[in-house]
Visitor: 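Input: one structure, supplied below.
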Amino acid sequence: AVPTGDLARLRTSPQIAVHQITSNRLIYLAMDQARDPSPFAADKAGQILARNPLKDLRVRQAISKAINRPGIVERLFEGAAIPAGGFLPDGFFGTSPKLHPDALDIDGARKLLAAVGFPNGLSLTLHGPNDRYPNDDKVLQAIGPMLARVGIDAKIVSLPWATFATQASAPHYAYSVALLGWGSGTGEVSSPLRSLVASPNRERGTGAANRGRYSNAAVDALTEKAMGTVDDKAREKLLQEASEIAIADQAIIPLYYQINIWATRRGITYVPRSDEYSLAQFVHPAP
């Protein structure tokens with residue numbers, strides 16, 4: 001996990017070699033979509049709203065449209081990340097070619113908030129870790145002013161992972177909006193679909209990391225059918241359809257995909273892995 005701020009220097013160093021690969025980890029915003037009220041969703045005066053505004057698709061869309069993903073990638077990651085529009089980057093099994101990152105649209109976000117009944121905006125507190133993902137605290141701090149431009153007063157609270165993760169655990173989700181990450185250990189879209197957005201169901205083993213308690217019967221049905229389908233082409237189509245519905249519904253707000261980076265001294269090479277593991281058998285003398 002080479003700090004992105006060091007990349008330019010390391011890449012020009014005659015003593016250092018840099019190795020990288022697109023990660024299977026998505027960084028995203030999880031939103032409370034189940035409770036009334038939501039603990040950190042308030043009006044402009046700071047009064048907690050009786051009705052959770054995050055239940056309304058238009059509010060979730062406004063948040064997504066307010067975020068400048070290319071700006072985050074360029075300014076915070078030195079280009080070492082990829083703006084995200086789905087659950088996994090292109091090339092992983094089940095990704096849909098129809099999914100693209102939401103474009104920055106300040107006017108569109110303001111119009112959506114006005115249509116919901118917030119012409120002057122609202123207030124949200126965004127929580128996240130400050131020691132879990134590369135630049136996690138910096139990303140939170142960058143999103144705050146972006147939301148302010150569309151009328152959402154955003155308070156940022158970053159915490160050590162141990163504290164944050166305990167409070168963010170489903171079903172006792174303590175937040176309204178939180179920055180989180182998910183790595184697909186299976187290398188296909190079924191992993192985030194089953195864990196992040198499928199309706200929580202202990203018996204079926206779904207929704208274990210669905211912190212916002214999102215639920216959509218169509219997503220559930222397609223995901224369940226895909227998990228029982230052996231034919232790869234048929235399963236891939238089902239996963240694509242399920243992810244398209246979930247993302248259109250802003251089940252979560254995808255931000256960016258990480259790029260995994262290792263640095264070694266010259267003369268040694270490392271075969272980079274999308275799963276972030278550093279394993280001895282992938283270290284070799286450079287050819």
Side-chain angles (χ1 to χ4, degrees), residues 1-7 11 18-31 60 63-104 126 128-129 131-143 146 161 177-197 209-212 236 239-240 242-244 246-248 250-263 270-278:
V2 174
T4 55
D6 294 337
L7 277 176
R11 282 174 172 156
V18 175
H19 319 277
Q20 68 181 53
I21 193 171
T22 301
S23 177
N24 62 17
R25 185 179 297 279
L26 167 71
I27 304 299
Y28 66 97
L29 294 180
M31 297 160 288
R60 304 196 297 273
I63 294 172
S64 185
K65 288 178 180 292
I67 297 173
N68 183 352
R69 293 166 178 80
I72 290 174
V73 166
E74 181 62 30
R75 296 169 194 167
L76 300 184
F77 287 89
E78 306 290 333
I82 301 170
F87 292 104
L88 279 172
D90 292 343
F92 286 88
F93 187 85
T95 56
S96 170
K98 297 179 181 180
L99 295 178
H100 306 284
D102 281 345
L104 177 64
L126 276 63
D131 58 358
R132 175 68 170 178
Y133 314 112
N135 297 327
D136 45 14
D137 182 58
K138 291 181 180 179
V139 170
L140 279 168
Q141 299 298 336
I143 290 175
M146 293 178 186
W161 173 254
V177 182
L179 179 81
L180 287 153
W182 184 262
S184 174
T186 64
E188 66 173 52
V189 175
S190 61
S191 171
L193 281 172
R194 289 189 74 233
S195 296
L196 301 186
V197 300
N210 184 346
R211 302 174 193 269
E236 183 171 39
L239 294 175
Q240 290 172 340
S243 60
E244 289 162 9
I247 295 300
Q250 300 286 184
I252 61 171
I253 294 179
L255 297 178
Y256 55 90
Y257 310 113
Q258 291 183 182
I259 291 178
N260 298 338
I261 306 170
W262 289 259
Y270 183 73
V271 180
R273 297 173 57 89
S274 62
D275 60 12
E276 303 174 16
Y277 282 108
S278 296

Visitor: Between Asn24 and Ser184, is there a donor-acceptor pair closer than 3.5 Å when you use the side chain of the first and the backbone of the second?
Guide: yes
Visitor: List in chain and number order the residues that pass salt bridge (Lys or Arg N to Asp or Glu O under 4.0 Å) with Arg194, two or more places apart in sequence or in another chain; answer none if no residue qualifies.
Guide: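 For Arg194 there are no salt bridge (Lys or Arg N to Asp or Glu O under 4.0 Å) partners, ignoring immediate neighbours.
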Visitor: I'd like to check the salt bridge (Lys or Arg N to Asp or Glu O under 4.0 Å) partners of Asp275; sequence neighbours left out, ordered by chain and number.
Guide: Arg273
Visitor: Return the minimal non-hydrogen interatomic distance between Gln258 and Glu276, and the atom names on each side.
Guide: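 Distance-wise, the nearest heavy atoms are NE2-OE2, 3.5 Å.
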Visitor: Show the nearest heavy-atom pair for residues Met31 and Ala251, with the distance to one decimal.
Guide: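 Result for this residue pair: CE-O, 4.2 Å.
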Visitor: Going by the rule side chain to side chain donor-acceptor pair (under 3.5 Å), which residues pair with Ser191 if we only count those two or more places apart in sequence or in a different chain?
Guide: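 Listed in chain order: Trp182.
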Visitor: Determine yes or no for a side-chain-to-main-chain donor-acceptor pair under 3.5 angstrom, with Tyr257 supplying the side chain and Gly86 the backbone.
Guide: yes
Visitor: Side chains of Thr95 and Asp90 only: does a donor on one sit below 3.5 Å from an acceptor on the other?
Guide: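 No - no donor-acceptor pair under 3.5 Å links their side chains.
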Visitor: Would you say that Trp262 contacts Ile21 through its side chain, given a criterion of any heavy-atom pair below 4.5 Å between the two side chains?
Guide: yes
Visitor: Looking at residues at least two apart in the chain, or sitting in another chain, which of them share a side chain to side chain donor-acceptor pair (under 3.5 Å) with Asn260?
Guide: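 Asn260 satisfies side chain to side chain donor-acceptor pair (under 3.5 Å) with Ser23 once adjacent residues are dropped.
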Visitor: Less than 4.5 Å apart, any side-chain heavy atom of Gln141 and any of Asp136?
Guide: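 SC-SC contact between Gln141 and Asp136 ruled out.
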Visitor: How far apart are the closest heavy atoms of Gly94 and Glu236, and which atoms are they?
Guide: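 In terms of heavy atoms, the two residues are closest at N-OE2, 3.5 Å.
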Visitor: Counting distance only, does the side-chain N/O of Tyr133 pair as donor-acceptor with the main-chain N or O of Gly181 below 3.5 Å?
Guide: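 Such a contact is found between Tyr133 side chain and Gly181 backbone.
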Visitor: Of all heavy-atom pairs between Val197 and Ala246, which one has the smallest distance, and what is that distance?
Guide: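 For Val197 versus Ala246, the nearest heavy atoms are CG2-CB, 4.3 Å.
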Visitor: Are side-chain heavy atoms of Ile27 and Leu179 found at a separation under 4.5 Å?
Guide: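 The answer is yes; the side chains approach within 4.5 Å.
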Visitor: Measuring only between side-chain heavy atoms, which start at C-beta, is Asn210 closer than 4.5 Å to Leu196?
Guide: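 No, side chains not in contact.
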Visitor: Using the side chain to side chain donor-acceptor pair (under 3.5 Å) criterion, which residues pair with Arg132? Sequence neighbours excluded.
Guide: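 Arg132 satisfies side chain to side chain donor-acceptor pair (under 3.5 Å) with no residue once adjacent residues are dropped.
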Visitor: Roughly how far, to the nearest 0.5 Å, is CG of Asn68 from CD1 of Ile143?
Guide: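 Nearest 0.5 Å value for the CD1-CG distance: 10.5 Å.
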Visitor: Got a sec, which residues hit salt bridge (Lys or Arg N to Asp or Glu O under 4.0 Å) with Asp6, two or more places apart in sequence or on another chain?
Guide: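 Scan of Asp6 (salt bridge (Lys or Arg N to Asp or Glu O under 4.0 Å), adjacent residues dropped) gives Arg9.
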Visitor: Working to the nearest 0.5 Å, report the span between CG of Leu193 and CG of Leu88.
Guide: 9.0 Å
Visitor: Does the side chain of Arg211 come within less than 4.5 Å of Leu180's, by heavy atoms?
Guide: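 When only atoms from C-beta onward are counted, Arg211 and Leu180 do touch, with a gap below 4.5 Å.
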Visitor: Within the distance-only criterion (no hydrogens, no angle test), does the side chain of Arg69 pair as donor or acceptor with the backbone N or O of Pro254 below 3.5 angstrom?
Guide: yes
Visitor: Please name all residues satisfying side-chain contact (heavy atoms from CB on, under 4.5 Å) with Ser96, sequence neighbours left out, ordered by chain then number.
Guide: Lys98, Leu99, Gln240, Ser243, Glu244
Visitor: Kindly compute the distance separating CG (Leu239) from CZ (Phe92), expressed to the nearest 0.5 Å.
Guide: 14.5 Å
Visitor: With sequence neighbours excluded, tell me which residues meet side-chain contact (heavy atoms from CB on, under 4.5 Å) with Asp131.
Guide: Pro129, Pro160, Trp161
Visitor: Starting at CD1 of Ile67, measure out to CE of Met146 and round the result to the nearest 0.5 Å.
Guide: 7.5 Å
Visitor: With Asn135, which residues qualify under side chain to side chain donor-acceptor pair (under 3.5 Å), at least two apart?
Guide: Thr4
Visitor: Roughly how far, to the nearest 0.5 Å, is CG of Asp102 from NE2 of His100?
Guide: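 Answer rounded to 0.5 Å: 11.0 Å.
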Visitor: Got a sec, which residues hit ring pair (Phe, Tyr, Trp, His ring centres under 6.0 Å) with Tyr28, two or more places apart in sequence or on another chain?
Guide: none
Visitor: Find out whether Val18 and Ile261 are in side-chain contact, i.e. whether some heavy atom of one side chain is under 4.5 Å from a heavy atom of the other.
Guide: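 With C-beta onward as the side chain, the pair touches.
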Visitor: Would you mind writing out the side-chain donor-acceptor pairs for residues 74-82 within the sub-3.5 Å range, not counting sequence neighbours?
Guide:
none

Visitor: How far apart are the closest heavy atoms of Leu26 and Ala84, and which atoms are they?
Guide: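 The answer is CD1-CB, 3.6 Å.
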Visitor: List in chain and number order the residues that pass salt bridge (Lys or Arg N to Asp or Glu O under 4.0 Å) with Glu188, two or more places apart in sequence or in another chain; answer none if no residue qualifies.
Guide: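 Result, salt bridge (Lys or Arg N to Asp or Glu O under 4.0 Å) vs Glu188: Arg235.
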